[in-house]
Amino acid sequence: MARNFDDISTAKDNSELPFWKRSHYLDRMTLGELIVAYFQHYTIIAYLALTAVAVALYTQFPASPLGTAAAFAAGVIVYPLVWHLLHQYVLHGKWMWKSKWLSPTWKRIHYDHHQDPNDLSVLFGALHTTLPTIAVATVPIGWLIAGPGGALAALTAGLLTTCYYEFMHCIQHLSFKPKWKWVQHMKQRHNEHHYFHENGNYGITNYFWDRLLGTYYEKKDIPKRSPTVFNLGYDEEVAKTYPWVKDLSGGIASGHPRRRAMAEAKKAEAQG
């Protein structure tokens with residue numbers, strides 16, 4: 001098992017648990033079910049609530065219409081680059097697991113997601129990491145453009161863009177084929193990142209920075225599947241020196257999550 005499920009794994013009836021204590025897997029959900037779950041998630045509620053607060057504060061510290069528009073646009077434009085750099089060098093870096101204090105954060109914000117990309121409970125970013133990042137990426141540039149009002153406009157852009165990113169990220173793991181070609185393209189590239197080779201296609205809603213920075217690929221361009229696509233290079237050998245993620249996870253898994261689940265179900269059935 002990649003993670004300990006505690007009361008979730010031992011519950012006789014998943015439906016009796018509170019909504020976010022239940023198991024939610026995107027490959028088993030409809031678009032309607034996803035929308036309901038999305039707007040009930042505490043991170044999305046927090047982003048939308050903070051957006052309302054930022055808009056209310058903006059009325060007290062307004063900027064010019066042009067300054068506001070420029071700051072908001074800057075917040076939208078800077079987000080894909082910030083996300084790409086964080087995704088490549090932090091989330092896929094090999095340094096957080098080496099720290100006893102940082103390894104739980106890395107486990108939660110990315111390792112668990114790659115262990116099972118369809119598990120909705122670990123797909124959304126954690127607020128203690130996303131909110132400071134959004135603020136640092138947007139507030140200074142907005143302030144430089146249009147003062148306090150610009151900072152609030154840029155922060156609003158960052159919060160709403162994050163909501164958009166999170167929803168599109170869910171769509172990319174949902175078991176359905178989008179009608180729009182551009183969404184199909186995003187979904188295919190992101191699924192290659194999760195199921196074929198993790199070192200590339202770091203974008204979520206666009207791959208401009210991947211193309212510019214040389215990390216864009218299509219499956220046909222890579223000769224074979226990465227052996228570390230589900231564990232990001234954190235394997236048994238690494239765990240001998242840096243055991244904290246393994247200890248927190250109850251082990252290390254490297255195969256396809258659905259095949260692992262089927263094997264565990266068969267094992268439990270045989271033992272029962």
Side-chain angles (χ1 to χ4, degrees), residues 8 17-26 29-65 67-87 90-91 104-110 112-113 119-174 203-206:
I8 296 177
L17 293 168
F19 189 82
W20 280 109
K21 286 285 187 178
R22 305 175 199 167
S23 299
H24 297 278
Y25 292 98
L26 285 161
M29 297 175 71
T30 65
L31 179 60
E33 290 170 338
L34 166 61
I35 291 172
V36 171
Y38 174 84
F39 283 106
Q40 290 189 56
H41 198 270
Y42 74 94
T43 59
I44 302 304
I45 294 171
Y47 297 143
L48 294 177
L50 287 171
T51 296
V53 171
V55 171
L57 288 172
Y58 175 86
T59 64
Q60 303 301 311
F61 305 97
S64 68
T68 299
F72 189 92
V76 172
I77 291 170
V78 76
Y79 192 97
L81 175 59
V82 171
W83 167 252
H84 178 103
L85 295 176
L86 286 173
H87 194 182
V90 177
L91 303 184
T105 298
W106 179 74
K107 173 189 180 304
R108 164 58 186 89
I109 62 177
H110 215 56
D112 284 349
H113 177 47
D119 186 348
L120 193 58
S121 67
V122 292
L123 185 144
F124 295 92
L127 288 178
H128 71 280
T129 59
T130 58
L131 289 178
T133 301
I134 295 167
V136 169
T138 59
V139 169
I141 191 171
W143 192 289
L144 287 173
I145 292 171
L152 290 165
L155 177 62
T156 297
L159 291 166
L160 292 177
T161 302
T162 301
C163 289
Y164 170 68
Y165 262 56
E166 293 287 35
F167 186 75
M168 295 307 296
H169 193 190
C170 290
I171 289 293
Q172 289 165 3
H173 290 284
L174 198 65
I204 296 293
T205 62
N206 74 75

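- For the residue pair Gly142 and Ala154, the shortest heavy atom distance occurs at CA-CB, 3.8 Å.
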Determine all donor-acceptor pairs shorter than 3.5 Å in which one atom belongs to a side chain in residues 76-86; sequence neighbours excluded.
{"unit_1": "Tyr79", "atom_1": "OH", "unit_2": "Thr162", "atom_2": "OG1", "d": "3.2"}
{"unit_1": "Trp83", "atom_1": "NE1", "unit_2": "Tyr202", "atom_2": "O", "d": "3.1"}
{"unit_1": "His84", "atom_1": "NE2", "unit_2": "Gln88", "atom_2": "OE1", "d": "3.0"}

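- Within the structure, every pair that satisfies the side-chain hydrogen bond (donor to acceptor under 3.5 Å, both in side chains) test and touches residues 45-63, not counting sequence neighbours, is listed here: Tyr47-Thr130, Tyr58-Thr68.
- Here the straight-line distance linking atom CG of Leu48 with atom CG of Leu159 works out to 9.0 Å at 0.5 Å rounding.
- Between Thr43 and Gly125, the shortest heavy-atom distance links the atoms CG2-O, 3.4 Å.
- Summarising the geometry of Gly158 relative to Ile134, their closest heavy-atom pair is C-CG2, 3.8 Å, with the distance given to 0.1 Å.
- The structure places CG of Leu131 at 6.0 Å from CG of Leu50, a figure rounded to the nearest 0.5 Å.
- Contact of the Glu166 side chain with the Leu123 side chain is registered, since non-hydrogen atoms from C-beta on lie closer than 4.5 Å.
- Distance check: Ser121 OG to Tyr25 OH gives 6.5 Å after rounding to the nearest 0.5 Å.
- In this structure, His113 has its ring center closer than 6.0 angstrom to the ring center of His173.
- To the nearest 0.5 Å, atoms OG1 (Thr161) and CD1 (Ile204) are separated by 13.5 Å.
- Minimum heavy-atom separation, Leu120 to Cys170: CD1-SG, 3.8 Å.
- Phe167 meets the side chain to side chain contact (heavy atoms under 4.5 Å, CB included) test with Leu31, Leu34, Ile35, Tyr38, Ile171; sequence neighbours excluded.
- Across every non-hydrogen atom of Pro140 and Ala135, the tightest pair is CD-O, 3.5 Å.
- Sorted by first then second residue, the side-chain hydrogen bond (donor to acceptor under 3.5 Å, both in side chains) pairs that include residues 133-152, not counting sequence neighbours, number zero.
- To the nearest 0.5 Å, the span separating CG on Asp112 from CH2 on Trp106 amounts to 9.0 Å.
- Taken from OG1 in Thr205 to NE2 in His169, the straight-line distance is 11.5 Å, to the nearest 0.5 Å.
- Qualifying side chain to side chain contact (heavy atoms under 4.5 Å, CB included) partners for Ser64, counting only residues two or more places apart in sequence or in other chains: Leu66.
- Thr129 pairs with exactly one of Thr105, Val90, Leu91 by the side-chain contact (heavy atoms from CB on, under 4.5 Å) rule, that one being Thr105.
- Heavy-atom minimum distance, Ala153 versus Ala71: CB-CB, 4.2 Å.
- With sequence neighbours excluded, the residues forming a side chain to side chain contact (heavy atoms under 4.5 Å, CB included) with Ala74 are Ile141, Ile145, listed by chain and number.
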